[in-house]
Amino acid sequence: MLFGRKKRKPITIPQKKVKEWKYTTCNYCSTGCSIEIGLGEDNKIVTSRGHAGADVNRGKLCIKGILEHELFTSPGRGTEPLIRDKHFEEFEQTTWDNALDVTATKIKEIQQKYGRDAFAVVSTGQLLTEEFYTLGKLTRGCIGTNNYDGNTTLCMASAVSGYKRSFGADGPPGCYDDFEHTHCFMAFGSNLPEQHPIIYWRLKEALEKRKFPLIVVDPRVTMLAQFADIHLPITPGTDCVLINSMMHVIINEGLQDTAYIDAHTQGFDEIKALVQDYDPKVAQHECGIDEDTIRNVARLYANAPAAMSIWTMGINQSTHGSDGVANINNLNLITGNIGKPGGTSLSITGQCNAMGTREWSSCSGLPGYRYLENADDRQEIADYWGIDPEFFPKQRGMAQTDIFPAIETGEIKGMWLVATNPMTSMPNTSRIRKMLESLDFLVVQDVYRDVETNQYSHVYFPASVWSEKEGCHTNTERRVNLISKIVPCFANSKPDLWIFNQMAKRFENGKKIKFPDKAEDVFNEMKELSKGQSYGRPRNLDISGMSYEKIIKARGIQWPYRDTDEGLKGTPRLYSDGIFPTKSGKANLIPVKFFNNNEQPCNDYPFWLNSGRVVEHFHTRTRTGKIGNCNKFSPTPYMEMNPDAALALGIEHMSYVRLTSRRGDAVVMVQLTQRVAQNMVFIPFHFHDCVNRLTLGLLDPYSRQPAFKQCSVRIQPVDQAEAARLNVERRSY
Ligand SMILES: Nc1nc2c(c(=O)[nH]1)N[C@H]1C(S)=C(S)[C@@H](COP(=O)(O)OP(=O)(O)OC[C@H]3O[C@@H](n4cnc5c(=O)[nH]c(N)nc54)[C@H](O)[C@@H]3O)O[C@H]1N2
Ligand SMILES: Nc1nc2c(c(=O)[nH]1)N[C@H]1C(S)=C(S)[C@@H](COP(=O)(O)OP(=O)(O)OC[C@H]3O[C@@H](n4cnc5c(=O)[nH]c(N)nc54)[C@H](O)[C@@H]3O)O[C@H]1N2
Ligand code: SF4
Ligand SMILES: [Mo]
């Protein structure tokens, strides 16, 4: 029997006529989806699809990945190197040789006049790992500045710092497969459905097979919170109080895993003593979660045969970021939930290759998780590169968030920015603008010449993007995957690897160190450096068994994967044997005493200002701002506001308002929604001259990561016609 219209014509999607599918990996978020790009008759790209055989995404892609192939010819791409004397003059087109010569000369001039560290290099989490390793060689081995860091300080630094303090080394110990085994899932400050849609899909799949509690800690009713069994709308910045209080309940009720604690951890007595101060009766007033809920969640977590936590920026971007991570690790250690299926402390990484930069870029040390502070590590790398170990500093220099203020004090005179856009992404825009304006020399290396930061540069290097080049990424679950070169480089843009190699030739040590042209040869160097022992135990970050061929065949391999390993699987979990890369082999339990040092709402600035992301945009919109559908979903800077709070101020849905903080002001459109509480507003940070004009960005003492999500503002109505005009002017894309 037929239903519906008799002559219904089924919707048909026109055939795309794909001649060949090419393998690559997504270059936006850290989920690490495998993509196949379809080439038509004339080798032009006609479509993309998720790779059905890839374990990460199993054929799925999100809205960004599916349209990523439109990037190659998107507007604003850099075509030729550009140069000018002063940042306010017009650019002139120049040759690569001249742009590189001028830059090398300027770097040397600044270093001779003011010292080696007066020139800073700031990179990203979005290059290929081979490029990161090469930039590290260039910066640490040739240029020799110690003020070298990346935007991962805005993003993952707290996770790195917390992992190192708890386990002795960086590296997320869990994997997506843990969803299939867990009996209790707790997410802190992470909005998976929007920010890691395919990780969320993996979680949903697991939940559909077998129900387990989903607990979400987030001051905002995010999409993940809407799907949660228990939502804890925490007072901003107080996650450590909640976790201490959960541990209070667990320890006082004897729910901890004493056998695991005794065998694999140190410091339990200190934790036990500290959490006595965090009785839920008291803690509830500080963290905003009622005492019964704290007890209930603590019991659920501790009684589960396997429980896991994930977290993202709600934890990392905080003055207690590193402590928050250490405390999540504490919770998992005392309940015996590390390294077992479904029991883990899994930091969800941000950018596509934030892991690659942590592993290989030498930003915070030397390649392969080696330390500048360790003489053996310095010697080993100096020998491998063929230079004098005395060329290396003996301790790490400044982080990105300290490098910028050092421009104000005159310590930093020149800077090279690679694939990052601080004019939009750093806190307190007007201060950042003044810093960039006052540099003697700024070189910007970006795929787009219209990126806001390029307004302040003296030299611009046009870089090639994503599948215009070849190399690896590492995703959230330590999976190394391959980006293949599928299209030629756009115009006269060059791969970042090429740019670094050319620059190396202009420095003395560049003649001593090998700088291979081919990405795979660079990968082979990294493989060699990943082998062997670290502090008397086999190195975890071991990729010596991998090759490009094997990676494609497996659609990504998780490290450690040693040259003695059989099969293509890699290692899904770290620390399954309960042995940690610390001196004693035991994990550290770290007591976290909480004190509230955030800017808090007050009479003058009565609202919490929270910021983050939406699914359709990536960061500062250099890419998604230009790709059809992505920008159509949210083309305008906007703010989520509670309807009752708006009513009290006479503010209407879809009207413009002005926000003012102690730093500056911003005009945005209001979206009324119950997602935010009456005393809070939320603004996606994707728009230039918007939320980061307002943010304070106090720094975490360990990681130097800014607290992007906690500061205070006031809100006033504005002249609607003027605001609309301003908004049109601002929408430059
Ligand atoms: N679509 C899209 N996806 C992305 C990105 C993107 O730009 N667009 N960027 C990638 C990158 S680099 C990153 S780092 C990740 C970020 O991924 P997420 O961290 O998931 O995203 P955010 O929206 O920054 O912040 C997550 C949540 O933290 C909450 N939060 C704020 N303050 C607190 C607090 O004090 N405690 C707790 N528990 N939560 C709090 C916010 O309300 C917000 O919902 O996303 C990655 N994926
Ligand atoms: N208020 C607020 N601010 C935030 C955050 C927040 O939650 N709230 N989140 C912070 C976080 S977690 C992050 S990660 C940062 C991100 O901050 P940014 O790194 O400044 O943001 P992006 O827009 O990703 O900048 C990357 C640049 O690299 C370019 N690019 C892409 N691929 C390549 C390539 O292969 N080669 C080269 N040379 N260039 C390339 C892009 O065009 C883009 O201009 O923002 C931070 N800022
Ligand atoms: S989930 Fe992340 S990695 Fe996967 S397609 Fe979307 S942006 Fe790309
Ligand atoms: Mo990030």
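Throughout, residue positions are numbered sequentially from 1 according to the sequence presented. In each ligand, atom 1 is the first atom listed, and ligand 1 is the first ligand listed.
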Note: heavy atom closest to atom 8 (N) of ligand 1, options Glu194, Arg613, His617, His619, belongs to His617
Does ligand 2 have a heavy atom under 4.0 Å from the side chain of Ala354, from its backbone, from both, or from neither?
-> neither
Record the part of Leu127 in heavy-atom contact with ligand 2 below 4.0 Å; permitted values are side chain, backbone, both and neither.
-> side chain
Donor-acceptor pair between Tyr176 and Thr31 side chains, under 3.5 angstrom | no
Going by distance only, is there an N or O of Thr222 that falls short of 3.5 Å from an N or O of ligand 1?
-> no
Do Thr152 and Thr357 have a side chain donor and acceptor closer than 3.5 Å?
-> no
Protein residue, atom and distance nearest to atom 42 (O) of ligand 2, heavy-atom basis = Asp446 OD1, 2.8 Å
Just distances here: any N/O of Val614 and N/O of ligand 1 closer than 3.5 Å?
-> yes
Polar contact flag for Asp239 and ligand 1 (N/O pairs, less than 3.5 Å) | yes
Has ligand 1 got any nitrogen or oxygen that is less than 3.5 angstrom from a nitrogen or oxygen of Val217?
-> yes
Could you tell me whether some N/O pair between Val615 and ligand 1 is separated by less than 3.5 angstrom?
-> yes
Nearest non-hydrogen protein atom to atom 19 (O) of ligand 2, with distance, is Asn151 ND2, 2.6 Å
For ligand 2, note which part of Gln351 has a heavy atom under 4.0 Å away: side chain, backbone, both or neither.
-> side chain
Mutual orientation of the aromatic rings belonging to His686 and His617 [parallel < 30°, tilted 30-60°, perpendicular > 60°] = tilted
Quick one: look up the protein heavy atom nearest atom 40 (C) of ligand 2 and list residue, atom name and how far away it is.
-> Val447 CG2, 3.3 Å
Could you tell me whether Lys64 and ligand 1 have an N or O pair separated by under 3.5 Å?
-> yes
From the candidates Gly350, Gly324, Pro684, Pro197, the one that places a heavy atom nearest atom 13 (C) of ligand 1 = Gly350
Please indicate whether any nitrogen or oxygen in Asn191 is less than 3.5 Å from any nitrogen or oxygen in ligand 1.
-> yes
Distance-only side-chain donor-acceptor flag, Gln705 / Asp700, under 3.5 Å | no
Minimum-distance protein heavy atom relative to atom 35 (O) of ligand 2 | Lys469 NZ, 2.9 Å
Going by heavy-atom distance to atom 33 (C) of ligand 1, choose the closest among Pro219, Ala159, Gly189, Cys62.
-> Pro219
Mind checking whether Phe682 has an N or O less than 3.5 Å away from an N or O of ligand 1?
-> no
Hey, does Gln710 come in under 3.5 Å of ligand 1, counting only N/O atoms on both sides?
-> yes
Measure the distance from atom 10 (C) of ligand 2 to every protein heavy atom, then report the residue, atom name and distance (to 0.1 Å) of the closest one.
-> Gln317 NE2, 3.4 Å
Would you say Gly612 and ligand 1 have an N/O pair spaced under 3.5 Å apart?
-> no
